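Residues take their numbers from the sequence shown, with the count starting at 1. Just so it is clear, the model here is predicted, and its values are computed rather than measured.
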Amino acid sequence: MSFLPFIFANPLMLAALVALPAIWWLLRMTPPKPVTEVFPPLRILASVLKREETPSKSPWWLTLLRMLMAAAVILAIADPVFNPRSNTLSADGPLALVIDNGWATATDWERRVETADALIGDAESKDLPVAIVFTADSEHNAVPGSATAARNRVAAASPQPLRPDRETAVTALRTALNGTTPGTLVFLSDGIEAGDTKIMAELAALTPANFRLIEGGIDHAVAITNSANDAESMVVSASRLETASARAFPITAYDTRGRAIANGSLAFAAGEGTAKGTLAAPFELRNDFARISIDGLATAGGTFLLDDGFRRRRVALLSGEARDQSQPLLSPLYYINRALAPYADLIQPNEADLAVSIPELLAQKPSMLIMADIGRLPEKTYAPITKWIENGGTLVRFAGPRLAAAPADDPLVPVTLRQGERALGGALSWSEPQPLADYPALSPFAGMPRPEGILVKRQVLAEPTADLSSRTWASLADGTPLVTTKTQGAGRIILFHVSAEATWSNLPISGDFVEMLRRSVQLSRSGGVAGEGTAKGQTLPPFRLLNADGVLISETGKARPLDIKAGTTPASSPENPPGLYGSEEGFTALNLLPRDAELKPIDTTGLSTAYTTEPLIGTEAWSLKPSLFALALVLLLVDSAVVLFMGGAFARLRMPAAAAILLVLAAGSMMLVPDRAFADDSKPGDDAIFERLDKTHLAYVVTGETDVDRLSERGLAGLTEFLTYRTTLEPGPPVGLDIAADELSFYSLIYWPVSANAPMPSAQAISRIDAYMRAGGTVLFDTRDQFSSLGTSSGSSPNAERLQAILADLDIPPLEPVPTDNVLTKSFYLLSSFPGRYSGSPLWIEAQPDNGSQPTGRPARSGDGVSPIMITGNDFAGAWAIDSNGVPLLPTVPPDEQQREYAFRAGVNIMMYMLTGNYKADQVHIPALLERLGQ
């Protein structure tokens, strides 16, 4: 149980509480009540006689009331203060602030800024210079300066999606101090070791007079460190800093459009700093994962980006001989199956006939096709296999007796082969079995250690050519190729010059065989960066970068291109922040932390200088003095009313008048008491009404269909955000309406997504909509089907037919597409059309009367010329809809971000038209509009 810090600003005033007993004794007595007597002289003379009178005693409750009033005044003068701050900075030198602004500070950055600002204020009150350095910034200026300059730097700083580089920051601070000893050194840390195990010792070496360590938010220091696409689910690894208690974190997988497509959880046991979670989803859905995030922890460490390398490939297996279930170790596919099962989804044909099985396998769109000892293929299969390779497929072939006997002009091998095979060792051979040589630098196997103990007894040989060395990924010690490759179109062909079982070589029963196959599978295309660039190494420009809140942004700033080198794993740095590098055609994900990293606390042992630990600043200090003075005033008013009543001041007043005065006094006294709780006499639902009256809200009709209603809500939320950033209008959150029950008059515009699958509105609901439109409101009907006519043709869509059924019961005016000179085309932006997710439908509004006259039988035009009805089929909400990260939920048709921009502009014009009417039709705007139009 914790308590707020509490002190008295003037504690000596509490000594006055000793006088309360004397005040009690004095307040107990009050003069006798005045008596009204009749004039008779004898009674007056009788009263002249002297007699001893005893003062009457005041009631105990009145005395208690006055005692409380006196105590409140004494306590108010003593000035009790909650959460006080005390200036304990050392005056022996400047204040030095070392502030972590890495990824883990994003969740509580505001509190860190408040803490730093309070320390700078303490330094300012003592006229001390301030040296400040941020550990995640690429540039450091730690020269001590004024408190004002330091406060400006703190206000301008922001958390970075990087690990802090404290050693560089401390070096810059040491250089800036130039031998000056800091009076107070404050390390405002995120609590996580970042490869700088001696950082506390380096800070202590500055020998400050006062050394403080301020940490906070370690319970939010959680990061995803790895992800593996296993056979049944995506396995996510994470690490945390605070390990005292068990805790679970929900995780969500998103696709490239920012849509949540799978959910799971990370469960940390008590005392454990690492945990694994699973995201169960079908194979095809898991391959659509683009990023994984920890819900509720918006940090760069809580987001893990995925690229083509994390997608699980589908690999088709073919063998030249029938499978023998009784002798699996002799099967060519046995070792391949065991090696790839953890990394890929393996499929095998049901038919032995290759002319049938190969088209069946290719129809399942595998990323890789592995053929073990297949020499001659059916003639009609060469064309589909070649086309599949050129479209990005990877063909892997293993040698064997059949391939060795195949014709040398086989188009599906990467090099020209000598017919027959080469035998190494044996009674009739002069040569010995050969080991493997070092892997070439440009090979995807580069970085793997040269295997020991692997010997090749037989192989197929390649004819020497000028480019044979550039096509070789692995070779034997005598220089003959072991693995060769050839790029063909967008795909490639890979040949292992040995068999897939252990008769030609012991490679298939080694761990290197597993790693070679795994790397070959990762090179196969699956919608990401092409394997060619990754194999040879390339430089990728920044495409999308993570910000400190774990959101992908298009702004790349000073980020440099990422160098991809064979055999090395790139790491995030200020030059290469975490994000996606490449282009829309393919990219590589660079995450914040290395794979399987662990978050560890900062080492504070063995320091030469003592230090103190503090938490981040809490709420600001606040005084109870105003409330106590207000309480004393209330008690004084009550006491005055009681004394007046006991003195007979209200005797000649009627009882209702006296009661009214007391009620006024009581009401006035309650208004003086801050945060006073009053009885709630409001009706049910009034709170929601008051919340919707505070500002403009966009409203939509709840149809009862979950998907439609969610899209409407997200669409209006997107338009609300666009209005907030592009105009001076700042609407509140969108409101879903039950048109049969909710009050409609609060909203100037109601968006109605028409759906044929939704229940038909009742006659009462239609009547309420009709009344709403007559009172000046406008309903925007959206059939979301690109209709271009309001006729009743047989080609109408179901949504258009439902709209006609709704309009049949409404008294609506004649309609026309928005004319080119209508106010809607110029209420904010200058528009010629009103597209949404589609662009083929016009926006229908009330037809304008000719010559300014009102047609007979037409409803009166209310709302300053605003049409009471609008109809479109362009799916406005679909174009406006965004998720919580601001990413559009649906693409436009055709895909065009410029069309989405104009859809938002159409929404702005509609809202401005609703709020200002025909204001932009005034003559005062004509010159400006003509100038904008170039006329």
Is [X] reaching over with its side chain to a backbone N or O of [Y], donor-acceptor style, under 3.5 angstrom?
X: Thr720; Y: Leu716; value: yes
X: Arg768; Y: Ile739; value: yes
X: Asn874; Y: Ser841; value: yes
X: Thr703; Y: Glu705; value: yes
X: Glu743; Y: Ser745; value: yes
X: Tyr751; Y: Asp782; value: no
X: Arg802; Y: Ala758; value: yes
X: Ser293; Y: Asp295; value: no
X: Asp549; Y: Val551; value: no
X: Ser712; Y: Val708; value: yes

Non-hydrogen side-chain atoms of [X] and [Y] separated by less than 4.5 Å:
X: Trp103; Y: Leu546; answer: no
X: Asn576; Y: Tyr581; answer: yes
X: Phe746; Y: Val735; answer: no
X: Val702; Y: Asp738; answer: no
X: Val908; Y: Leu723; answer: yes
X: Asn152; Y: Thr148; answer: yes
X: Ser554; Y: Arg544; answer: yes
X: Met870; Y: Leu843; answer: yes

Within this structure, what is the [atom1]-[atom2] distance for the pair [X] and [Y], rounded to the nearest 0.5 Å?
X: Leu749; Y: Met914; atom1: CG; atom2: CE; answer: 5.5 Å
X: Leu305; Y: Ile224; atom1: CG; atom2: CD1; answer: 9.5 Å
X: Ile845; Y: Ser867; atom1: CD1; atom2: OG; answer: 5.5 Å
X: Ser748; Y: Leu698; atom1: OG; atom2: CG; answer: 8.0 Å
X: Tyr829; Y: Leu824; atom1: OH; atom2: CG; answer: 15.0 Å
X: Thr872; Y: Ile910; atom1: OG1; atom2: CD1; answer: 8.0 Å

State, to 0.1 Å, how close [X] and [Y] come at their nearest heavy-atom pair, and which atoms those are.
X: Ala559; Y: Pro542; answer: O-CG, 3.9 Å
X: Ser839; Y: Pro835; answer: CB-CB, 3.9 Å
X: Ile869; Y: Leu807; answer: CD1-CD2, 3.8 Å
X: Gly907; Y: Trp880; answer: CA-CZ2, 3.5 Å
X: Glu846; Y: Pro813; answer: CG-CG, 3.4 Å
X: Pro578; Y: Leu592; answer: CB-N, 3.8 Å

Should the heavy atoms of other residues, nucleotides or ligands under 6.0 Å from CZ of Arg905 be counted, would the total exceed 12?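 Yes, CZ of Arg905 has more than 12 neighbouring heavy atoms, counting only those of other groups under 6.0 Å.
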
Is the number of heavy atoms from other residues, nucleotides or ligands under 6.0 Å of Asp821 CG greater than 12?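 Yes, because the 6.0 Å sphere around CG of Asp821 holds more than 12 heavy atoms from other groups.
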
Looking at residues at least two apart in the chain, or sitting in another chain, which of them share a side-chain contact (heavy atoms from CB on, under 4.5 Å) with [X]?
X: Glu730; result: Thr724
X: Leu890; result: Leu711, Arg837
X: Arg714; result: Arg710, Ala717, Ala881, Ile882, Leu889
X: Ala253; result: Ala262, Leu279, Phe289, Ile292

Could you work out, with ring pair (Phe, Tyr, Trp, His ring centres under 6.0 Å) as the rule, every residue matching [X], not counting sequence neighbours?
X: Tyr902; value: none
X: Tyr838; value: none
X: Phe834; value: none

Return the set of residues passing side chain to side chain donor-acceptor pair (under 3.5 Å) with Asn263 (not counting sequence neighbours), or none when no residue passes.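 Scan of Asn263 (side chain to side chain donor-acceptor pair (under 3.5 Å), adjacent residues dropped) gives Thr252.
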
State which residues pass side chain to side chain donor-acceptor pair (under 3.5 Å) with Thr778; sequence neighbours excluded, sorted by chain then number.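 So Thr778 forms no side chain to side chain donor-acceptor pair (under 3.5 Å) with any residue.
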
For [range], pull every pair meeting salt bridge (Lys or Arg N to Asp or Glu O under 4.0 Å), keeping only residues two or more places apart or in separate chains.
range: residues 746-762; answer: none
range: residues 885-898; answer: Glu897-Arg900
range: residues 715-728; answer: Arg726-Glu901

Apply side chain to side chain contact (heavy atoms under 4.5 Å, CB included) to the pair Leu744 and Ile769, showing each step before the final yes or no. CA-CA 8 Å; Leu744 307 180; Ile769 286 292; 4.0 Å; yes

Between Thr783 and Asp785, is there a side-chain donor-acceptor contact under 3.5 Å, judged purely by atom types and distance?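 On atom types as modelled, these side chains qualify, holding a pair under 3.5 Å.
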
Step-by-step side chain to side chain contact (heavy atoms under 4.5 Å, CB included) determination, Phe543 to Thr556: CA-CA 7 Å; Phe543 174 53; Thr556 57; over 6 Å; no

Between Met912 and Leu729, does the side chain to side chain contact (heavy atoms under 4.5 Å, CB included) criterion hold? Intermediate values first, please. CA-CA 9 Å; Met912 294 304 171; Leu729 177 63; 4.3 Å; yes

Check the pair Gln160, Asp137 against side chain to side chain contact (heavy atoms under 4.5 Å, CB included), reporting the backbone distance first and the verdict last. CA-CA 8 Å; Gln160 302 297 319; Asp137 287 357; 4.0 Å; yes

Asn799 and Ser797: CA distance, side-chain angles, deciding distance, side-chain hydrogen bond (donor to acceptor under 3.5 Å, both in side chains) verdict: CA-CA 5 Å; Asn799 289 353; Ser797 68; 5.5 Å; no

